[in-house]
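Below is one structure, written out as structure tokens; the observations come after it.
Within every chain, numbering begins at 1; the chains are lettered A, B, ... in the order of the sequence lines, protein sequences first and strands thereafter.
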There are 2 protein chains.
Amino acid sequence: MEKSIYTTRYTTLCMRMREARRAAGLTQVQVAKQLERPQSFVAKYEAGERRLDVIEFLDVAKVIKLDAIELIANLQKIA
Amino acid sequence: MEKSIYTTRYTTLCMRMREARRAAGLTQVQVAKQLERPQSFVAKYEAGERRLDVIEFLDVAKVIKLDAIELIANLQKIA
DNA sequence: GCGCAGTATCCTTATTAAGGATATTGTGTC
DNA sequence: GACACAATATCCTTAATAAGGATACTGCGC
């Protein structure tokens, strides 16, 4: 687990989630509402301040219309 | 995010990780060493006491030779 | 039943999450 | 450029979770 690579992957993950949300035309408030969480939750995971576990990630991906499989595949290549 | 479904998915995730490790012929100690973590870390995530974030999961999957993509795809179907 | 490998659990401290409130930033309009 | 308001980021306190070594349990071959 190299530190720099770990960081790179996390950055990629966060960026992709933000992009997907915007591409879906959603605000953090709208996503938060669907997830039944406060807006700060969305702000934090997009900023990398809050890590998402596997299941949480899938829930988020569904709401923001992110292709989880494709992203996971890409992250594997980085690793 | 229904509670029962959430739990089901987590159970599936944990089970699949344990099965994969065994199928790879690895002990928790061996996996822990490769991950540079204590054995209790492995015991805990297999028991669902410790949640893995997306990147950690990919690191684990690599070591235990688990097909992350296939598992993610299955978890999506459950959701 | 013994001995040992493997796994689970316990315990204390450190780190992270929660989430409402507030501050800051971004965007369109005039 | 400044105003108004939507959108996002940050702060703060408390609660929950993670860390990880030590120890207890379990299962298996002999």
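The interatomic distance linking A:Asp53 (CG) with D:dA18 (C1') rounds to 13 Å, in whole Å. What separates CG of A:Leu35 from P of C:dG19 is a distance of 12 Å, to the nearest Å. The interatomic distance linking A:Arg37 (CZ) with D:dA9 (P) rounds to 18 Å, in whole Å. A:Lys33 places its NZ atom 13 Å from the P atom of D:dA7, with the value rounded to the nearest Å. Nucleotide D:dG20 holds its P atom 11 Å from the CD atom of B:Glu36, rounded to whole Å. Rounding to whole angstrom units, CD of residue A:Glu56 and C1' of C:dA17 are separated by 10 Å. A:Arg51 has its CZ atom 11 Å from the C1' atom of D:dA18, to the nearest Å. The separation between B:Tyr10 atom OH and D:dT17 atom P is 12 Å, rounded to whole Å.
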Under-3.5 Å N/O pairs linking protein and nucleotides 27-30 of chain D:
none

Could you go over nucleotides 8-12 of chain C and give all protein N or O partners under 3.5 Å, atom names and distances?
residue, atom, partner, partner atom, Å
C:dA8, OP1, B:Arg18, NH1, 2.9
C:dA8, OP1, B:Arg18, NH2, 2.9
C:dA8, OP2, B:Arg18, NH2, 3.3
C:dA8, OP2, B:Gln28, NE2, 2.6
C:dA8, N7, B:Gln39, NE2, 3.0
C:dA8, N6, B:Gln39, OE1, 2.9

Protein N or O to nucleotides 24-27 of chain C N or O, pairs below 3.5 Å:
none

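Shortest non-hydrogen contact noted between B:Ala61 and B:Ala68 is CB-CB, 4.1 Å. The two residues A:Val54 and B:Asp53 make their nearest non-hydrogen contact at CG2-O, 4.3 Å. Between A:Ile69 and B:Ala73, the shortest heavy-atom distance links the atoms CD1-N, 3.7 Å.
Residues forming a side chain to side chain donor-acceptor pair (under 3.5 Å) with A:Glu49 (at least two apart in sequence, or on another chain): none. Among residues two or more places apart in sequence or in another chain, the salt bridge (charged side-chain N to carboxylate O under 4.0 Å, His left out) test is passed with B:Glu19 by none. Under the side-chain contact (heavy atoms from CB on, under 4.5 Å) criterion, B:Ala24 pairs with B:Leu26, B:Lys65, not counting sequence neighbours. Every residue two or more places apart in sequence or in another chain was checked for a ring-ring contact (aromatic ring centres under 6.0 Å, His included) with B:Phe57, and none qualifies. Scored by the side-chain contact (heavy atoms from CB on, under 4.5 Å) test, A:Thr27 finds A:Val29, A:Gln30 as partners (sequence neighbours excluded).
Picking from D:dA18, C:dT7, C:dG19 the nucleotide with the shortest atom distance to the side chain of B:Arg50 gives D:dA18. When distances run from any side-chain atom of B:Thr27 to the nucleotides D:dG21, C:dA18, C:dG6, the shortest one goes to C:dG6.
Remark: B:Arg9 engages A:Asp59 in a salt bridge, criterion side-chain N to carboxylate O under 4.0 Å.
Sorted by first and then second residue, the salt bridge (Lys or Arg N to Asp or Glu O under 4.0 Å) pairs with a member in residues 39-48 of chain B read B:Arg18-B:Glu46, B:Arg21-B:Glu46; sequence neighbours excluded.
Here the side chains of A:Thr12 and A:Asn74 are not in contact, with every heavy-atom distance at 4.5 Å or above. Between B:Val63 and B:Val60, the closest side-chain pair of non-hydrogen atoms is not below 4.5 Å.
In this structure, B:Arg51 is positioned above the aromatic face of B:Tyr10, its NZ or CZ under 6.0 Å from the six-membered ring centre and within 45° of the axis.
If one axis is set at each end of the helix from C:dG1-D:dC30 to C:dC30-D:dG1 from five pairs, those axes are 50° apart, to 10°.
Both B:Ile78 and B:Ile72 are part of a single hydrophobic cluster, where members link through side-chain heavy atoms under 4.5 Å apart.
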